[in-house]
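As the structure is a prediction and not an experimental result, all values here were calculated from the model. Start at 1 with the first residue, then count along the sequence.
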Amino acid sequence: MTLRPLLPAALVALLTPAAALAQAPADDDTVLAAARAAYGGACYGLSADAAETGAYTEPPQRWQVTVPPDIEGMEPATLVVWQVFCDAGAYNLSYLYWVEGPYTGLVPLAFPKPVFEVILERPDDFESPVREVWPTSWTATDRLVNASFDPATLTFSHYGKWRGLGDAFDAGSWMLMQEGVRILSYEVDASYDDQQTPVTLFPAP
């Protein structure tokens with residue numbers, strides 16, 4: 001067996017005709033099939049039962065956008081953003097987002113967010129006044145709640161209600177980049193006091 005040296009990906013891209021690298025555009029069925037394969041067990045809206053009954057389902061949404069370069073000297077990229085319904089609760093709807101590029105194909109997006117701890121005056125009472133909310137680490141989520149995507153500003157938003165009134169919640173926003181997404185803001189209101197008084201966790205105050 002003859003071993004050949006591996007070429008850097010950038011050099012392979014230069015040596016390979018663009019037509020050979022380009023991926024066929026996805027359609028609704030392709031996106032739903034990919035989402036079911038990846039998340040079918042975690043999203044009722046993508047389950048076989050939901051597909052059979054038609055309950056808790058909705059067609060994917062699609063936006064074609066032009067994304068500025070992440071690095072100076074790069075060219076803008078034409079990408080397609082797909083929004084796929086995941087699940088529904090009493091007052092929250094959750095969605096998955098996928099991005100499609102001509103050479104990368106269809107890939108899921110992950111959204112960075114802070115992990116936080118809520119310190120209550122009376123820890124055994126979730127409606128107790130909040131003493132402090134502070135970030136402890138970072139994680140990423142593959143779904144956004146009560147979400148939207150604005151193709152004009154390339155921003156995603158999330159607003160997760162902790163109860164139907166919406167006085168306790170977490171909310172965030174992210175911008176689409178050529179290499180994924182960048183977090184813009186994240187805030188939390190952990191007080192069940194009939195008012196919205198969130199604490200900003202990012203950017204750090």
Side-chain angles (χ1 to χ4, degrees), residues 6-48 50-51 54 56-88 92-113 138-160 171-186:
L6 296 176
L7 296 176
L11 183 56
V12 172
L14 289 174
L15 297 177
T16 307
L21 285 173
Q23 305 286 317
D27 56 17
D28 286 14
D29 291 340
T30 304
V31 173
L32 286 174
R36 287 190 181 109
Y39 302 101
C43 294
Y44 180 77
L46 296 171
S47 67
Y56 298 103
T57 60
E58 59 183 65
Q61 293 193 53
R62 177 188 184 277
W63 299 271
Q64 181 171 303
V65 295
T66 300
V67 181
D70 297 348
I71 302 173
E72 186 176 353
M74 291 177 60
E75 295 294 325
T78 299
L79 303 176
V80 175
V81 175
W82 291 90
Q83 176 181 284
V84 180
F85 175 71
C86 175
D87 215 340
N92 287 316
L93 302 176
S94 64
Y95 294 90
L96 308 168
Y97 286 93
W98 294 63
V99 66
E100 178 187 5
Y103 305 118
T104 60
L106 189 67
V107 294
L109 287 176
F111 298 85
K113 56 180 263 187
W138 284 88
T139 187
T141 181
D142 54 15
R143 66 203 69 188
L144 301 182
V145 178
N146 300 324
S148 65
F149 174 68
D150 181 358
T153 60
L154 303 177
T155 55
F156 302 86
S157 67
H158 157 96
Y159 172 54
S173 63
W174 298 260
M175 176 172 285
L176 179 66
M177 311 290 287
Q178 289 193 22
E179 298 298 326
V181 296
R182 175 170 60 90
I183 188 171
L184 299 176
S185 65
Y186 205 86

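Remark: of the listed residues Val80, Thr104, Leu106, Leu109, Leu109 is the sole one forming a side-chain contact (heavy atoms from CB on, under 4.5 Å) with Val99.
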Handout entry: Derivation of the side-chain contact (heavy atoms from CB on, under 4.5 Å) call for Phe149 and Val65
Key = CA-CA 11 Å; Phe149 174 68; Val65 295; 4.1 Å; yes
Exercise for the section: Under the side-chain contact (heavy atoms from CB on, under 4.5 Å) rule, what do Tyr95 and Glu58 come out as? Steps first, then yes or no, please. Expected result: CA-CA 11 Å; Tyr95 294 90; Glu58 59 183 65; 3.3 Å; yes
Handout entry: Worked verdict on Val181 versus Tyr97 for side-chain contact (heavy atoms from CB on, under 4.5 Å)
Key = CA-CA 11 Å; Val181 296; Tyr97 286 93; over 6 Å; no
Exercise for the section: Take Leu184 and Trp174 through the test side-chain contact (heavy atoms from CB on, under 4.5 Å) and record every step on the way to the result. Expected result: CA-CA 5 Å; Leu184 299 176; Trp174 298 260; 5.6 Å; no
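Considering OG1 of Thr78 and CD of Glu100, their distance stands at 11.5 Å, rounded to 0.5 Å. Rounding to the nearest 0.5 angstrom, the gap separating the OG atom in Ser94 from the CG atom in Asn146 is 9.0 Å. Residue Asp87 holds its CG atom at 8.5 Å from OG of Ser47, rounded to the nearest 0.5 Å. Taking CG of Asp150 as the start and CE of Met175 as the end, the distance is 9.5 Å to the nearest 0.5 Å. Here CG of Leu79 is found 11.5 Å from CE of Met177. Values are rounded to the nearest 0.5 Å. Rounded to the nearest 0.5 angstrom, Asp142 CG and Trp98 CH2 are separated by 9.5 Å.
The shortest heavy-atom contact between Arg143 and Cys43 is NH1-SG, 3.9 Å. Closest non-hydrogen pair, Pro151 versus Trp63, comes out as CG-CD1, 3.7 Å. Across all non-hydrogen atoms, the minimal contact from Pro68 to Leu154 is CD-CD1, 3.7 Å. In plain terms, the two heavy atoms of Ser148 and Ser157 that are nearest each other are OG-OG, 2.6 Å. A pairwise comparison of heavy atoms in Ala35 and Val84 identifies CB-CG1, 4.0 Å as the closest pair.
Looking at Tyr39 and Pro108, their side chains come closer than 4.5 Å, going by heavy atoms from C-beta outward.
Under the side-chain contact (heavy atoms from CB on, under 4.5 Å) criterion, Arg36 pairs with Leu32, Leu46, Ala51, not counting sequence neighbours. Contacts of Thr30 classified as side-chain contact (heavy atoms from CB on, under 4.5 Å), with partners at least two apart in sequence or in another chain: Ala26, Asp27.
A donor-acceptor pair is defined here as one N or O able to donate and one able to accept, closer than 3.5 Å; such a pair exists between the side chain of His158 and the backbone of Val145.
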